[in-house]
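One structure below.
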Amino acid sequence: MAVNDCPKPLAFEGGAACALDLISVVFHEATPENTYRSGEATSETLIFCHIRDGRSDGAVLSLAKRVSSIWSACTGASEGEVEVLVALYPAKYVVRGGERLPEAPRV
């Protein structure tokens, strides 16, 4: 699957002008000599998702699984080589552009 064929993000209704305004993506390239699991070198991918608190455990798990699936589809990496971690933060502690972000949708 080519990158242009990757699934598009789902839009959601919320306080933001555009749901995508709330999404940031940052890549940190990890070199093979600096990436290990159980003492062995690995080329596995670690994806950290930082989101506003307020979603159910099921919604968070669904997000993590979807991120893993999309990454695998877009890169060709096996999902067995992808680890997704989700950290939750209260919206009152998240500021972008000098403004506090809205509360997360309750799902």
Side-chain angles (χ1 to χ4, degrees):
M1 174 181 275
V3 172
N4 291 337
D5 297 330
C6 291
K8 303 296 182 226
L10 292 177
F12 65 86
E13 293 182 30
C18 171
L20 296 180
D21 288 343
L22 300 177
I23 299 171
S24 298
V25 177
V26 179
F27 291 97
H28 294 280
E29 189 79 27
T31 60
E33 62 271 6
N34 291 324
T35 310
Y36 293 85
R37 179 155 58 103
S38 301
E40 300 292 326
T42 182
S43 61
E44 294 177 347
T45 299
L46 294 172
I47 300 174
F48 296 92
C49 300
H50 299 271
I51 65 173
R52 292 163 294 144
D53 200 4
R55 294 165 179 89
S56 68
D57 289 347
V60 173
L61 180 60
S62 178
L63 168 71
K65 286 182 174 185
R66 185 146 189 236
V67 167
S68 178
S69 174
I70 291 170
W71 181 265
S72 178
C74 290
T75 65
S78 161
E79 278 197 75
E81 297 177 345
V82 179
E83 182 174 338
V84 178
L85 301 98
V86 180
L88 307 171
Y89 301 92
K92 65 183 178 182
Y93 299 136
V94 183
V95 174
R96 179 176 294 156
E99 298 291 328
R100 192 186 120 193
L101 291 180
E103 294 294 327
R106 302 291 176 206
V107 293

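For clarity, every value in this text was computed on a predicted model and none was experimentally measured.
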Thr42 side chain vs Glu44 backbone, donor-acceptor pair below 3.5 Å:
yes

I'd like to know if Val67 and Phe27 are part of one continuous hydrophobic network [Ile/Leu/Val/Met/Phe/Trp/Tyr, side-chain heavy atoms within less than 4.5 Å].
yes

Qualifying residues under side chain to side chain donor-acceptor pair (under 3.5 Å), relative to Glu83, sequence neighbours excluded
none

Please list, chain by chain and in numerical order, all residues satisfying side chain to side chain donor-acceptor pair (under 3.5 Å) with Thr31, sequence neighbours excluded.
Glu33, Asn34

Side-chain heavy-atom pair Val26, His28 within 4.5 angstrom cut-off:
yes

Kindly state each residue pair satisfying ring-ring contact (aromatic ring centres under 6.0 Å, His included) with at least one member in residues 34-90, sequence neighbours excluded.
His50-Tyr89

Salt bridge present between Glu103 and Arg52 (N-O < 4.0 angstrom)
no

If we count only N and O atoms by modelled type, under 3.5 Å, do the side chains of Ser68 and Glu79 hold a donor and an acceptor together?
yes

Nearest heavy-atom pair of Pro102 and Ala91: which atoms, and what distance?
O-CB, 3.8 Å

Measure the spacing between OG1 of Thr35 and CD of Glu29 and express it to the nearest 0.5 Å.
9.0 Å

Step by step, work out the side-chain contact (heavy atoms from CB on, under 4.5 Å) result for Leu101 and Glu99.
CA-CA 6 Å; Leu101 291 180; Glu99 298 291 328; over 6 Å; no

Stepwise side-chain contact (heavy atoms from CB on, under 4.5 Å) test for Ile47 and Leu85
CA-CA 6 Å; Ile47 300 174; Leu85 301 98; over 6 Å; no

With a cut-off of 6.0 Å (strictly less than), are more than 12 heavy atoms of other residues, nucleotides or ligands near CZ of Arg37?
no

List the atom of Ser72, the atom of Ser78, and the distance in Å for their closest heavy-atom pair.
OG-C, 4.0 Å

Which of Asp57, Asp53, Ile51 passes side chain to side chain contact (heavy atoms under 4.5 Å, CB included) with Arg55? Answer is Ile51

